[in-house]
Trainee: 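Let me begin by handing over the structure; questions about it come next.
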Amino acid sequence: MIQPATVGCPVLLGKHGRAVLGKRPATFDRRDLKFTEFVPAAGTGALPKHPMRFGHEKSVPSSGWGMLGNDAHGDCVFAGAAHEHMLWEREGGAAVPSAFTAAGVLSDYAAVTGFDPKTGSNDNGTIVREALAYRRRTGVLDAEGDRHKIGAYLALDPGNWDHLLEAVYLFGAVGIGIEFPDSAMEQFNEGAPWDYVSGSHVEGGHYIPLVAKRSRLVCVTWGKTQQMTRRFYSRYCDEAWALVSPEIVSGAGRTPEGLDLPALQAALQSVAT
């Protein structure tokens with residue numbers, strides 16, 4: 001059994017005494033837009049190459065991420081979505097970035113999965129692809145009742161390290177699914193990076209936004225940033241999605257890394273047709 005978090009950290013134990021996760025097994029569809037197709041379609045030398053270290057995760061205060069219900073329910077896919085929009089708005093220079101609440105995040109979780117926020121029943125997690133379709137079509141709800149949509153999502157080959165880094169750099173966040181081992185909960189509670197530990201037992205699936213690359217990858221989960229090694233990512237990631245959001249674009253019409261959004265949208269259209 002996973003032990004409770006140390007003093008000062010959130011207690012990440014669900015009703016069964018295990019980490020509150022919530023991602024269903026990865027699904028695949030040959031119709032998905034793929035990042036491997038996008039790169040040559042858009043790549044004429046105009047796309048900037050990622051540096052060794054990058055990211056804007058510190059633009060969100062450490063106290064600003066919030067648990068968003070994932071300390072009690074398996075809504076990690078939608079808590080992660082809210083975290084992504086928080087970051088994108090700050091990267092885009094929003095004067096007053098949107099706030100998100102647990103109630104709003106759980107309402108989106110309920111809309112896609114049948115979860116009942118009143119009774120807690122049907123708390124069975126989310127298929128990421130279904131959540132992404134909902135996010136593009138409907139959007140996720142913020143504290144003011146406004147909805148935040150993504151413009152597109154592209155499937156990444158989880159084994160392609162260079163494409164992963166390129167996507168995080170270009171789009172600000174890549175949503176990944178991992179098969180979560182019990183050793184990672186212990187590492188999280190100790191403030192240690194996630195790394196592979198031989199003999200660990202997989203507890204279930206978890207969704208997290210990758211938002212930066214420092215000496216290691218940086219993700220957001222359970223209300224804080226968390227580092228992970230390349231070895232951990234390669235061992236446990238079972239799906240990865242490059243997410244395109246108009247919120248990352250500044251008033252000048254470009255992302256923080258200088259990407260022109262209309263050019264990106266045109267490139268995506270050329271892939272889709």
Side-chain angles (χ1 to χ4, degrees), residues 19 21-43 47 49-50 52 54-55 57 74 76-81 83-84 87 125-133 135-136 150 152-185 187-188 193-198 200-221 225-245 268 271:
L21 303 172
K23 187 191 83 74
R24 301 288 293 275
T27 60
F28 300 91
D29 191 321
R30 62 181 178 81
R31 297 169 295 180
D32 290 335
L33 284 176
K34 296 179 175 59
F35 191 78
T36 52
E37 297 171 334
F38 163 72
V39 172
L47 293 179
K49 181 66 177 175
H50 69 82
M52 291 294 293
F54 59 85
E57 75 281 12
C76 61
V77 176
F78 287 95
H83 291 147
E84 288 157 1
L87 180 62
T126 308
I127 295 172
V128 172
R129 175 181 280 98
E130 293 180 357
L132 293 174
R135 292 176 64 182
R136 183 169 63 180
I150 54 175
Y153 49 93
L154 300 90
L156 285 154
D157 172 6
N160 194 319
W161 180 252
D162 288 337
H163 281 179
L164 173 74
L165 297 183
E166 194 72 7
V168 177
Y169 180 65
L170 292 174
F171 303 133
V174 165
I176 71 166
I178 59 173
E179 296 177 317
F180 192 83
D182 52 10
S183 57
M185 192 71 257
Q187 290 165 344
F188 178 87
W194 283 341
D195 198 2
Y196 171 68
V197 176
S198 178
S200 297
H201 173 69
V202 170
E203 295 286 332
H206 191 39
Y207 177 92
I208 46 180
L210 291 179
V211 297
K213 169 65 168 63
R214 302 301 175 189
S215 59
R216 306 176 183 91
L217 291 172
V218 180
C219 69
V220 179
T221 186
T225 55
Q226 169 71 28
Q227 293 193 17
M228 75 171 70
T229 67
R230 179 174 179 174
R231 181 169 60 170
F232 180 91
Y233 169 81
S234 298
R235 179 79 181 193
Y236 292 113
C237 179
D238 65 351
E239 60 184 312
W241 300 90
L243 308 172
V244 184
S245 170
L268 289 172
V271 172

Trainee: Which atom pair, heavy atoms only, marks the closest approach of L164 to V174?
Mentor: CD1-CG1, 4.0 Å
Trainee: Under 4.5 Å between any side-chain heavy atoms of D157 and H163, yes or no?
Mentor: no
Trainee: Taking atom CE of M228 and atom CD of Q187, what is their separation to the nearest 0.5 Å?
Mentor: 11.0 Å
Trainee: Return the SG to NE2 distance between C219 and H206, rounded to the nearest 0.5 Å.
Mentor: 7.5 Å
Trainee: Just how far is it from atom CG of L210 to atom CD1 of I178, taken to the nearest 0.5 Å?
Mentor: 9.0 Å
Trainee: Picking from R231, R235, R216, R230, what satisfies side-chain hydrogen bond (donor to acceptor under 3.5 Å, both in side chains) with D195?
Mentor: R231
Trainee: Which atom pair, heavy atoms only, marks the closest approach of P209 to H83?
Mentor: CG-CB, 4.3 Å
Trainee: Does a side-chain heavy-atom distance below 4.5 Å link E203 with L21?
Mentor: yes
Trainee: Of all residues at least two apart in sequence or in a different chain, which pass the ring pair (Phe, Tyr, Trp, His ring centres under 6.0 Å) check with Y169?
Mentor: F54
Trainee: Would you give the length of the straight line joining atom CD of E37 to atom CG of D32, rounded to the nearest 0.5 angstrom?
Mentor: 9.5 Å
Trainee: So does R214 pair up with E57, basic N to acidic O under 4.0 Å?
Mentor: yes
Trainee: Please walk me through it: do F171 and V244 pass side chain to side chain contact (heavy atoms under 4.5 Å, CB included)?
Mentor: CA-CA 6 Å; F171 303 133; V244 184; 4.2 Å; yes
Trainee: Show the nearest heavy-atom pair for residues Y207 and A81, with the distance to one decimal.
Mentor: CE2-N, 4.3 Å
Trainee: How close do P158 and C237 get, heavy atom to heavy atom, and via which atoms?
Mentor: CB-SG, 3.9 Å
Trainee: Taking the side chain as every heavy atom from C-beta outward, state whether I176 and L156 have any atom pair closer than 4.5 Å.
Mentor: no
Trainee: Side chains of F232 and P193, heavy atoms from C-beta outward: is any pair under 4.5 Å?
Mentor: no
Trainee: Could you report the tightest heavy-atom contact between I208 and V220, atom names first, then the distance?
Mentor: CG2-O, 3.6 Å
Trainee: Less than 4.5 Å apart, any side-chain heavy atom of E166 and any of K49?
Mentor: yes
Trainee: Do V197 and D182 touch side chain to side chain, with heavy atoms closer than 4.5 Å?
Mentor: no
Trainee: Taking all non-hydrogen atoms of both residues into account, name the closest pair between E84 and A173 and its distance.
Mentor: CG-CB, 4.1 Å
Trainee: When rounded to the nearest 0.5 angstrom, what distance separates CE in M52 from NE2 in H50?
Mentor: 8.5 Å
Trainee: Parallel, tilted or perpendicular: which describes the rings of F188 and W194, with under 30° parallel and over 60° perpendicular?
Mentor: tilted
Trainee: First locate atom CD of Q227, then atom NZ of K213, and finally report the distance between them rounded to the nearest 0.5 Å.
Mentor: 9.5 Å
Trainee: For R129, is there an ion pair with E239 - N to carboxylate O distance below 4.0 angstrom?
Mentor: no
Trainee: Tell me whether the rings of Y236 and Y196 are parallel (<30°), tilted (30 to 60°) or perpendicular (>60°).
Mentor: tilted
